[in-house]
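Here the structure is laid out as structure tokens; the discussion comes afterwards.
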Amino acid sequence: MKLEKVTDSAKTAAKRWYDDACGTALALEFVGERWSLLVIRELIYGPRRFGEIKANLPGISANVLTQRLESLEEAGILVRRRLPSPANVQVYDLTDWGREAEITIREMGRWAARSPRHDPMAFMSTASAMTSLRTLIDPARASDVAMTVAFDFPNDAFVARVADGGIAITRGEPLDADVIFTGDTLAMRHTIYGKLPLSSDGIGGGLAVAGDFAVAQRFVDLFALPEKIAL
């Protein structure tokens, strides 16, 4: 009897949502449940502990996050591993295949940002803020730009390198940045997308700027929110 229950459970877990050969249908089976894509988004820039993921997804319960992490692991999208000493903590990290989902996340974000329902000033995690830069950079404006810019957020830091019309972003402390922006993600959006005047102290709600102000302004000018659709 016990063996029959295990077998039935396995059949249920393997059951397809859609009787459809389209890759999009299969993708929805992997990441179509609420929170799944956002969990992947939080891991784009490197491994995170359970508590770090949960802190950046307001509204998700520990139970639901556990379920999503397990389903993404079963699908081969992420793995669990333990960091070496002295950290010695369990983290979740994307597989190489899982990391390819960033392209989908960026394109979905660009598409949805055109809706009048998009609120660019709602809560945004640091990973989401950096992904917005990857999504909304203007390749034409960035074609002749080469610069390194750092973001010093509370409890997180990133380095963005602009070159050849694109932007590469890594999590970590700045070593050779031309400019360092300091503040939270709301201040970042006010500065980058709201085009607040740059200042050394972040007065008016924007980021505090340290370094070459001309480079900082040129960086800000590389980004713009897409035009909204007409309803």
Side-chain angles (χ1 to χ4, degrees), residues 22-24 27-28 31-32 34-45 56-59 99-151 153 156 158-170 178-179 181-199 202-209 212-231:
C22 176
T24 302
L28 287 174
V31 299
R34 190 180 182 198
W35 301 108
S36 293
L37 270 179
L38 299 188
V39 171
I40 295 173
R41 182 198 68 195
E42 291 305 307
L43 299 177
I44 286 173
Y45 300 100
N56 284 294
L57 295 175
R99 199 164 285 110
E100 292 175 16
E102 183 199 358
I103 299 170
T104 301
I105 291 170
R106 285 194 276 122
E107 291 307 313
M108 286 183 66
R110 189 198 317 276
W111 172 70
R114 297 189 61 212
S115 167
R117 294 176 59 184
H118 175 241
D119 180 3
M121 298 304 165
F123 172 84
M124 180 176 274
S125 71
T126 54
S128 180
M130 293 298 97
T131 299
S132 77
L133 297 181
R134 296 259 297 152
T135 302
L136 298 175
I137 189 170
D138 184 331
R141 291 188 179 185
S143 62
D144 61 347
V145 174
M147 62 175 72
T148 300
V149 173
F151 289 88
F153 295 118
D156 215 347
F158 295 83
V159 178
R161 291 181 171 83
V162 180
D164 302 322
I167 182 170
I169 299 177
T170 56
D178 303 302
V179 175
F181 290 114
T182 302
D184 58 21
T185 62
L186 182 58
M188 173 263 189
R189 283 168 281 157
H190 281 308
T191 297
I192 303 295
Y193 302 120
K195 309 302 180 184
L196 282 182
L198 301 178
S199 69
I203 192 169
L207 293 166
V209 182
D212 191 322
F213 268 62
V215 172
Q217 187 61 60
R218 193 172 188 191
F219 180 82
V220 169
D221 291 342
L222 297 178
F223 306 91
L225 292 171
E227 293 185 6
K228 302 296 185 185
I229 61 170
L231 296 181

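What you see is a predicted model; the values in this text were computed from it and never measured.
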(request) Evaluate the criterion side chain to side chain contact (heavy atoms under 4.5 Å, CB included) for residue pair V145 and R141; output intermediate values, then yes/no. (result) CA-CA 8 Å; V145 174; R141 291 188 179 185; over 6 Å; no
(message) If you compare all heavy atoms of S132 against all heavy atoms of Y193, which two are closest, and at what distance to 0.1 Å?
(response) OG-OH, 2.9 Å
(request) For the pair R106 (side chain) and T135 (backbone), establish whether a donor and an acceptor sit closer than 3.5 Å, ignoring hydrogens and angles. (result) no
(message) For the residue pair S125 / E42, report whether a side-chain donor-acceptor contact shorter than 3.5 Å exists.
(response) yes
(message) Let's go through V162 and V149 carefully: what are the C-alpha distance in whole Å and the side-chain angles of both, what is the deciding distance for side chain to side chain contact (heavy atoms under 4.5 Å, CB included) to 0.1 Å, and is it a yes or a no?
(response) CA-CA 8 Å; V162 180; V149 173; 5.9 Å; no
(request) For side chain to side chain contact (heavy atoms under 4.5 Å, CB included), just list the numbers for I192 and F219, CA-CA rounded to whole Å, side-chain angles, deciding distance to a tenth of an Å, and then say yes or no. (result) CA-CA 8 Å; I192 303 295; F219 180 82; 4.0 Å; yes
(message) Could you check whether atom CG of D138 has more than 12 heavy atoms from other residues, nucleotides or ligands sitting under 6.0 Å from it?
(response) yes
(message) Angle between ring planes, Y45 versus F158, binned at 30° and 60°: parallel, tilted or perpendicular?
(response) perpendicular
(message) Restricting to non-hydrogen atoms, name the atom on F123 and the atom on N56 that form the minimum distance, rounded to 0.1 Å.
(response) CE2-O, 3.7 Å
(message) Can you tell me how far apart CZ (F153) and CG (D184) are? Round to the nearest 0.5 Å.
(response) 8.0 Å
(message) A side-chain contact here means heavy atoms from C-beta on lying under 4.5 Å apart; do M124 and L186 qualify?
(response) no
(message) Do R110 and L225 have side chains that approach each other closer than 4.5 Å (heavy atoms only, starting at C-beta)?
(response) no
(request) To the nearest 0.5 angstrom, please state how far the CE atom of M188 sits from the OG1 atom of T185. (result) 8.0 Å
(request) Indicate the atoms forming the closest heavy-atom contact of R99 with I44, along with that distance. (result) NE-O, 4.2 Å
(request) Spell out, as yes or no, whether a donor-acceptor pair under 3.5 Å connects the side chain of T131 to the backbone of A127. (result) yes
(request) Taking atom types as modelled, find out whether K195 and H190 have a side-chain donor-acceptor pair closer than 3.5 angstrom. (result) no
(request) Would you check if the side chain of R134 reaches a backbone N or O of I169 as a donor-acceptor pair within less than 3.5 Å? (result) no
(request) For K228 and P116, indicate whether the former's side chain and the latter's backbone hold a donor-acceptor pair under 3.5 Å. (result) no
(message) For a quick test of reading the model, state the closest non-hydrogen atom pair linking A160 to F151 and the distance between them.
(response) CB-CE1, 4.5 Å
(message) Quick one, I167 with F223, criterion side chain to side chain contact (heavy atoms under 4.5 Å, CB included). Give me CA distance, side-chain angles, the key distance, then yes/no.
(response) CA-CA 11 Å; I167 182 170; F223 306 91; 4.1 Å; yes
(message) If you count every heavy atom of other residues, nucleotides or ligands that lies below 6.0 Å from I229 atom CD1, does the total exceed 12?
(response) yes
(request) Look only at the side chain of S143 and the backbone of A140, and say whether a donor-acceptor pair between them is shorter than 3.5 Å. (result) yes
(request) Would you name the heavy atoms of L136 and P226 that are closest together and state the gap between them? (result) CD2-CD, 3.8 Å
(message) With salt bridge (Lys or Arg N to Asp or Glu O under 4.0 Å) as the criterion, how do R218 and D212 come out once you've worked through the C-alpha distance, each side chain's angles and the decisive distance to 0.1 Å?
(response) CA-CA 10 Å; R218 193 172 188 191; D212 191 322; over 6 Å; no
(message) As an exercise, state the distance from OG1 of T104 to CZ of R41, rounded to the nearest 0.5 Å.
(response) 14.5 Å
(message) Can you give me the closest heavy-atom contact between A216 and F181, atom names plus distance?
(response) CB-CZ, 3.9 Å
(message) Counting C-beta onward and ignoring hydrogens, is there a side-chain heavy-atom pair between T182 and L207 closer than 4.5 Å?
(response) no
(message) Counting neighbours of CZ on R114 that are heavy atoms of other residues, nucleotides or ligands and sit closer than 6.0 Å, is the number greater than 12?
(response) no
(message) Would you say T126 and D156 are linked by a side-chain donor-acceptor pair, where the criterion is simply a distance under 3.5 Å?
(response) yes
